[in-house]
Every structure is written in C-alpha cells, then in structure tokens.
Amino acid sequence: MSLNIIILAAGNGKRMHSALPKVMHKVGGKPMLEHVLISARKLNPKSINVVINSKIENIKNSFKDYNIDWYNQLEQKGTADAVNTVLPNLEANEKVLILYADTPLIDTLLLEKFINYMPEISVKVLTVELNDPYGYGRIIREQAEEEIIAKIIEESEADDTQKNIKECNTGIVFSDVKTLRNLISEVKNENSKKEFYLTDIVSIANNKGLSVAPLLSKDFNSLLGVNDKCQLEKTEQIYQNEKRNFFLTQGVTMLDSKSIFFKGDIEIGKDVEIDVNVILEGNVKLGDNVKIRSNTIIKDSVISSKTEIKPYTIVEDSIIGHSCSIGPFARIRPNCNLEENVGIGSFVEVKASLIKKNTKANHLTYLGDSEIGENVNVGAGVITCNYDGVNKHKTIIKDNVFIGSDSQLIAPIIVEEGVTIAAGSTITDNSDKDSLLIARSRQQEKKNWKR
Ligand code: UD1
Ligand code: CA
C-alpha cells in the first residue's frame, strides 16, 4: 500500500492572536508541526505533503531534515480546499491519511491502528469523545447502523441537540485519492463561514451510497486540537505530564516532577536526581549519577556522569565533563568544554572556553574565549579581558598556573605553565614559565595621617 500523508497547516490561526504562524507555536520545545511530522515519518509514507499559505513560506527552512512536499493554498477557503491543493499530484489508486498540524500529540500507534481498521471501507474518520466538545465537529451516527457516520456537523452549524453530542471529529481521515477527489469536488461553501469543509465529504459519501466508518479512540489527550492559547497550555501540560511519567518510570528521582519541564530531546542516565524548578531544553544529555539542583536551566548540553549542577545555574550549548561541580549561581554560556573534575563556583561566567581537568574558578570570575590548562587555580574576581571594543581575543592559561584574586588578563595573552600571578595584578605581557608576576602599584605608607 502506497501511503501519502497530507498535513494541513495553512490556516490563519486567528484565535492564537499572534504574529507567529499557529503551527510554529511550540509544545515541549518543538513546533506543533514538527510533532506531527515526527509521527507521520514513523509510518514510512511514500510522501509527506504539507499545505501552508504564502505568508508562512519561511517556515520551510525549519524543517529541512524532513522530506516534505510543500503546497501553497492561495486562499484559506477551508479544509476541503486545502486537501485539494495536494490531490492532483497524487496517483488515483493511492491511499491518503489527512492530519492536522494543530493536533500535535497524535500518536503513531493510534494512526497505525486507524489505517488498518476496517480495510474494506473507503472513507474512515478518527473520532474521540470529549467532555468539553466545544469547537469540534460533532459526529452524527447513522441510527440504523451504528458503525456508520451519517454526517459531521461543525460547531458553527450545529443546533443545541447536536451541540450536546460528545463524539467529535479529530480531523484525521483515511481514504484513497480517487474517492477523495470525487467527494471533495462536490463540497460547497454554503455555510456560516463560507468555507469548504472537509467534513462535508461524509454526508456526500452517504448520498452516493458509500459508507463512512468511525474509529472512536479513547485517547483524548493525544487528539486535542490547538486553536487558542488555552488549548496550547493544556496540550503543553499533557505533554509535560507524559514526559514526567516516562522519566519517573525510567528511574529518575524528581523531588516534585510537576516543577520540571522537558522541552526538547532529553536523555537521562541512571540514578539521576533532579530537584525542583528545573528546565531541560533542546538536546540535553544527563549522564549517570548526575545531580541537578533547584532553579536550574540546562539547554543543548551534555552533563557527564557524577557531575553536580548546583542551584540557580544556567548551562547552554556546552559539554560538562565527569565529576564537575558547577554553581550555585554560575552561568556557562555557549561553546564551553569543561573536562573532568572542574569546579566552577558562585557568580562565575564562562563563555567559549576550554577548561581542562582539575581546574577551579570558584568565585566571581569571567572566563571568555579562553583555554585553561589542568590544575589551574583561578582566584576570586579574576577577569579575562577578551574584548578591546572591536575584536575578541584569546587568553591561554597553561597547566598549574595560580592566578591571585582580582587579577585581569588582557587578551591576547599566554600565561605559561606554572606561573603565579600575584593578587590584584593586571597582566598585559607574556612571560616565561614558572615565573611570579606582580603587576600592581606598591603600597605607600604615610604615618600619622590626619583626615
Ligand atoms: C477542524 C474540523 C472539525 C474538527 C477539528 C479538530 C473542519 C471544517 N473542521 O475544525 O470538524 O473537530 O478540526 O481539531 O475541517 N487549514 C488549512 N486551510 C484552511 C483552513 C484550515 O490548511 O483553509 C488547516 C489549519 O491550519 C489546521 C486544520 O486545517 O491545521 C484545521 O483547521 P481549523 O481552522 O483549526 O479547524 P477547526 O475549527 O479546529
Ligand atoms: Ca483546529
């Protein structure tokens, strides 16, 4: 069976009240459309066809890793019209699965079940029972034959009795190209929104003597559509709860999982502890026995085993080695590579730096564009002065250097192996190894001074 997937993403998303295209709003750190693409790709389809509008053309760049055939729906004339932009390019005898980009939590296993359900039926609709069905198309089942849908009535067209129906259209439809072309050609826009509703194909099929079968899913969480920010928040919460349960059952210790947010592709090793108010974002990998203390953000980073990230620390786009201690109140900015047993203490900011093993910078320090050797002790208040107002320059500090407190290193500079820098020095020149450098004005003493 050649399966083609059509994902509808061209709607205006007015109810989001946002300049960002609706399908680019994120759930769990990823655009809604990406969630649907990931589920679609797992079905190994022949093609994935995404319908967008010309105002959101630029979103294409965000999905280069997916093999997508893009379509432009020139005017947003409704879901039937959107599907129709794709159909002329598909083979008549092939199968089509229609998905909505605003239903991001859709699950591949459910889609597989739906595709394989009642294979002899030419049009199938995935339905769901919702306690609060407001806004959804309602499923009207054929009285005589319960397993057949007579029609779908949109919220805007429904009367009060119909509005009480709790079985809703998820928007997900399975059929073949020929049947869809045939049915959609008869859809009219004679309704309150003057749109061509895809949902009208159900009554059209019935009139033609074709049965439409519903598969009623109980998995209402994965079938929520997002039209506004309330639904976006609800969907985010469902996503987060699923991730929390997943990691708890994998053995991660969380003091209060409700306060931990997983926004991306997160991998967590064994015996990891996470305290409260933590955000893990982007591509994050936590090794075995890592401890993430409270009020911490880790983004696009690897934290290797036995490392502790202490409270109020932010780590971004960096690799932290084994058995390090980072924080509290530390900021590791992008492109840092810390080797094992490095100590970064409170109010220390590190940017684009390599710090080799056993080196410590424990208090009030800025290390930027630097390469720091092994066993270096960086005293309190040390600053690598990497910026001359125009260019950034590099600071190289070799192994076993001791930098006294409140020293500044004016880059570009190389501090040779074993050098000791006296506290309060401003270092401007390279020196030999194992030297003592003192670069500060001498103390004067005026005896019996009167103020
Ligand atoms: C739609 C269904 C409704 C269903 C609900 C499920 C129709 C007419 N209604 O309503 O029965 O219960 O989804 O969530 O199908 N889109 C386009 N082009 C358009 C219009 C929409 O591509 O011209 C896309 C949107 O980007 C969106 C999807 O189609 O991804 C659904 O459109 P939306 O306006 O959100 O429809 P709903 O009112 O949610
Ligand atoms: Ca919708």
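Counting convention: from 1, in listed order, for ligands and their atoms alike. Computed from a predicted structure; not experimentally measured. Numbers for residues simply follow the sequence, beginning at 1.
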For [atom], what's the nearest protein heavy atom and its distance?
atom	result
atom 22 (O) of ligand 1	Ala10 N, 2.9 Å
atom 15 (O) of ligand 1	Thr79 OG1, 2.8 Å
atom 23 (O) of ligand 1	Gly78 N, 2.8 Å
atom 17 (C) of ligand 1	Gly11 N, 3.4 Å
atom 5 (C) of ligand 1	Asn169 O, 3.9 Å
atom 13 (O) of ligand 1	Tyr100 CE1, 3.2 Å
atom 30 (O) of ligand 1	Leu8 O, 2.8 Å
atom 34 (O) of ligand 1	Arg15 NH2, 3.5 Å

Please list, in number order, the atoms of ligand 1 under 4.0 Å from a heavy atom of [X].
X	result
Asn227	35 (O), 39 (O)
Gly137	3 (C), 4 (C), 11 (O), 12 (O)
Gln73	17 (C), 18 (N), 19 (C), 22 (O), 23 (O)
Lys22	35 (O)
Tyr136	6 (C), 12 (O), 14 (O)
Ala82	17 (C), 18 (N), 22 (O)
Ala101	30 (O)

Check the side chains of Glu34 and Tyr66 for a donor-acceptor pair under 3.5 angstrom, ignoring hydrogens and angles.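 A pair is found: one side chain offers a donor N or O, the other an acceptor, under 3.5 Å apart.
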
Residue [X] excluded, over 12 heavy atoms near [atom1] under 6.0 Å:
X	atom1	value
Lys360	NZ	yes
Lys188	NZ	no
Lys14	NZ	no
Lys234	NZ	no

Would you confirm whether Ser301, through its side chain, and Ser318, through its main-chain N or O, come within 3.5 Å as a donor-acceptor pair?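 Such a contact is found between Ser301 side chain and Ser318 backbone.
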
Please round to the nearest 0.5 Å and tell me the distance separating atom CG of Leu248 and atom CE of Met254.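 Answer rounded to 0.5 Å: 4.0 Å.
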
For ligand 1, note which part of Glu154 has a heavy atom under 4.0 Å away: side chain, backbone, both or neither.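 It is the side chain that touches ligand 1; the backbone stays farther off.
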
Using a strict threshold of under 4.0 Å (side-chain N to carboxylate O), is an ion pair present between Lys178 and Asp176?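 Lys178 and Asp176: not salt-bridged.
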
Is the closest basic N to carboxylate O distance between Arg293 and Glu308 below 4.0 Å?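 Glu308 and Arg293: salt-bridged.
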
Below 3.5 angstrom, do we get any N/O pair linking Asp102 and ligand 1?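 Between Asp102 and ligand 1, an N or O pair is found under 3.5 Å apart.
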
Checking side chain to side chain contact (heavy atoms under 4.5 Å, CB included) against Lys42, which of Thr108, Leu111, Leu109 comes through?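 The passing option is Thr108.
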
Testing Leu99, Leu37, Leu43 for side chain to side chain contact (heavy atoms under 4.5 Å, CB included) with Ile48, which one passes?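 For Ile48, the side chain to side chain contact (heavy atoms under 4.5 Å, CB included) test succeeds with only one of Leu99, Leu37, Leu43, which is Leu37.
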
Would Tyr100 count as a contact for the Ca ion (ligand 2), in the sense that one of its N, O or S atoms lies under 3.0 Å from it?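 Looking at Tyr100, which is the residue asked about, there is no N, O or S atom under 3.0 Å from the Ca ion (ligand 2).
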
Mind checking whether Thr170 has a heavy atom under 4.0 Å from ligand 1?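 Heavy atoms of Thr170 do come under 4.0 Å of ligand 1.
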
Restricting to N, O or S, what is the name of the atom of Asp102 that lies nearest the Ca ion (ligand 2)?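 Of the nitrogen, oxygen and sulfur atoms in Asp102, the Ca ion (ligand 2) lies nearest to OD2.
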
Verdict with supporting geometry, Arg141 and Glu167, side chain to side chain contact (heavy atoms under 4.5 Å, CB included): CA-CA 9 Å; Arg141 293 215 182 208; Glu167 186 179 9; 2.8 Å; yes

